[in-house]
Amino acid sequence: MAEIIKIVEKKPVPFGALMINGLPDVGLVGLIATSHIISELDLNEIAYMDSDLLPPIVVLHEGLPHAPLRIFGNSNLLATISETAIPANGIYAVIRHLVRWGQAKNVKLMISIGGLPVPNRQDISEPKVYGIGTTPELIKMLKDKEVEIVREGFMVGPQALILRYCMEINVPGIALLAQSFFNYPDPEAAAVVVRELSKITDIKVDVSKLLEKGEEIRLKARDIMKRTQMEMAKMKKTQEYDLPLYV
Amino acid sequence: MEERRRKRSFFDIISEYFRELEDWAESLTESLMERPCWNERECIIEPLCNVFVGPTEVIVTADLPYAEANTIKVEPINEETLEITAKLRRTLRFDDFGITHRKGEFSAFKCQLRVPVPVDMENMEIRFKRGILEIHLPRKRGYRITVE
């Protein structure tokens, strides 16, 4: 049986917008940050992913069922979140489809938001944000905005595949990764990356509420963190700590 | 089918065996983790925890948002199991998170963790920072072999 994967558009989708992606990964940084942006900018749900590669669930909000992987937006911004961990065995197809959809919508920049796990995170009061770009021009743009570049290393998981497929089909893509906990929800890291995002784009979002609700978020995010952790283990996420060999 | 089975080499059989073993271990881990963290009957929440085995020590961490720092207790149950408990600063209800179809209130964190290698429980060091509890347990030494 063929695998079903499609993005169902509920409302008109803007062309040429910025697209930010906050999919469950280390510290749930991307998911927490993007959810906060969606809430602060009051973005509307405009599309969702329908796929038999995702778990058979709906998320209930205000009594109404929603697909777990949804795209929100306004006239110049698209924001993707998933309220369930993306299964390791479906991640290639899900991300490939998402990036191709972005290409079809002519997104001007695909921005992946996430965490960069550091073992001493507890001792870091202001996590640092690192950047990755899919072209030399994007790397220069990040450097001009004083974002330190991840020069060497491995990336594993949703962010890695977003960058890979962006490169493959020439969609301009960057990743902004804040130092974070590996397997504990990290709203502080999410706040830092949202602030950094405002430096390189015109997305201006106040993070005070996010920081105030930090403990509540950490408690609410526990269950999805646990499931994300299981999927990260299958993707061999700890390979991000490895050194690449390129002589 | 029978012919295909005959063509499988010894290495194919071994690698298939390991693949099956890996799948089994994975499903076992998932089934162990596949349980709610919210225990309505005992009014406790099981915290997110992690055990890291290093060359000289084992580091156990637990995420304890809303925990009252001076109520945190770390007690060895036996030589290989630790119990972590902490009271919450306030009682939390499902209602607080917008969940109205389930009832339950929670006043504490509690979990028991098995340490996979021998450790010296008496010399553990504990710190609580940024809502994360960190327990350092020195690994027990067996005996020394002199390198000539």
Side-chain angles (χ1 to χ4, degrees), chain A residues 26-28 32 39 55 59-64 83 85 87-89 117-127 179-189 191-192 211-238 241, chain B residues 22-23 25-39 44-52 54 57 59-69 86 88-102 106 108-109 111 126-136:
Chain A
V26 286
L28 299 177
I32 297 170
S39 152
V59 194
L60 297 163
H61 291 302
E62 308 278 331
L64 292 171
E83 291 190 73
N89 58 7
V118 282
N120 63 334
R121 170 66 184 91
Q122 266 165 283
D123 301 316
I124 299 169
S125 52
E126 184 77 5
Q179 291 177 317
S180 72
F181 291 114
F182 186 85
N183 47 10
Y184 299 140
D186 199 335
E188 278 182 24
V192 170
L211 293 169
E212 273 168 33
K213 292 200 300 183
E215 279 191 303
E216 184 189 328
I217 293 169
R218 277 166 57 195
L219 212 51
K220 279 174 86 171
R222 306 155 28 76
D223 296 322
I224 182 167
M225 185 77 254
K226 210 168 91 170
R227 291 187 188 280
T228 303
Q229 198 181 332
M230 287 195 271
E231 298 306 326
M232 288 193 303
K234 288 183 204 162
M235 293 177 210
K236 313 278 185 234
K237 184 75 183 176
T238 49
Y241 291 124
Chain B
E22 243 174 50
D23 289 348
E26 208 169 79
S27 64
L28 184 72
T29 313
E30 275 184 19
S31 64
L32 287 172
M33 290 182 84
E34 193 69 35
R35 61 175 197 277
C37 305
W38 308 81
N39 186 330
I44 54 166
I45 308 170
E46 197 179 316
L48 290 174
C49 295
N50 192 47
V51 179
F52 169 77
E57 63 174 358
I59 304 170
V60 176
T61 58
D63 187 25
L64 304 175
Y66 282 114
E68 187 81 70
L88 299 180
R89 288 200 304 275
R90 66 180 182 91
T91 302
L92 295 168
R93 294 176 182 80
F94 278 129
D95 291 16
D96 297 330
F97 304 109
I99 309 288
T100 51
H101 66 287
R102 285 167 69 187
F106 306 92
F109 280 113
C111 69
I126 303 168
R127 69 170 184 156
F128 183 61
K129 199 173 176 186
R130 294 187 193 285
I132 307 283
L133 177 71
E134 194 173 287
I135 307 159
H136 291 254

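It should be emphasised that the depicted structure is a prediction, and the values quoted were computed from it without experimental measurement. Reminder, nothing fancy here: chain letters follow the sequence lines and each chain counts from 1.
- More than 12 heavy-atom neighbours from other residues, nucleotides or ligands sit within 6.0 angstrom of NZ on B:Lys129.
- Judged by distance alone, the side chain of A:Arg222 and the main-chain N or O of B:Ile45 form no donor-acceptor pair under 3.5 Å.
- Residue contact with chain A, scored on non-hydrogen atoms closer than 4.5 Å, involves the side chain of B:Phe109 exclusively.
- Under a 3.5 Å cut-off, the side chain of A:Glu215 and the backbone N or O of B:Tyr66 do form a donor-acceptor pair.
- Distance CG/B:Asp96 to CG/A:Leu219: 9.5 Å, rounded to 0.5 Å.
- Contacts between A:Glu188 and chain B at a heavy-atom distance below 4.5 Å involve the side chain alone, from C-beta outward.
- When all heavy atoms of B:Asn50 and A:Tyr184 are compared, the closest pair comes out as N-OH, 3.2 Å.
- Note that CG of B:Leu48 is 9.5 Å distant from CZ of A:Arg218, once rounded to the nearest 0.5 Å.
- Residue contact with chain B, scored on non-hydrogen atoms closer than 4.5 Å, involves the side chain of A:Asp223 exclusively.
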I'd like to know whether B:Asp63 forms a side-chain contact (heavy atoms from CB on, under 4.5 Å) with A:Phe181, so could you lay out the CA-CA distance, the side-chain angles of the two residues, the decisive distance to 0.1 Å, and finally the verdict. CA-CA 10 Å; B:Asp63 187 25; A:Phe181 291 114; over 6 Å; no

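- In this structure, CD on A:Gln122 lies 4.5 Å from CZ on B:Arg127, to the nearest 0.5 angstrom.
- For chain A, no part of B:Ile59 is nearby; none of its heavy atoms comes within less than 4.5 Å.
- Heavy atoms closer than 4.5 Å to chain A are found in both the backbone and the side chain of B:Thr61.
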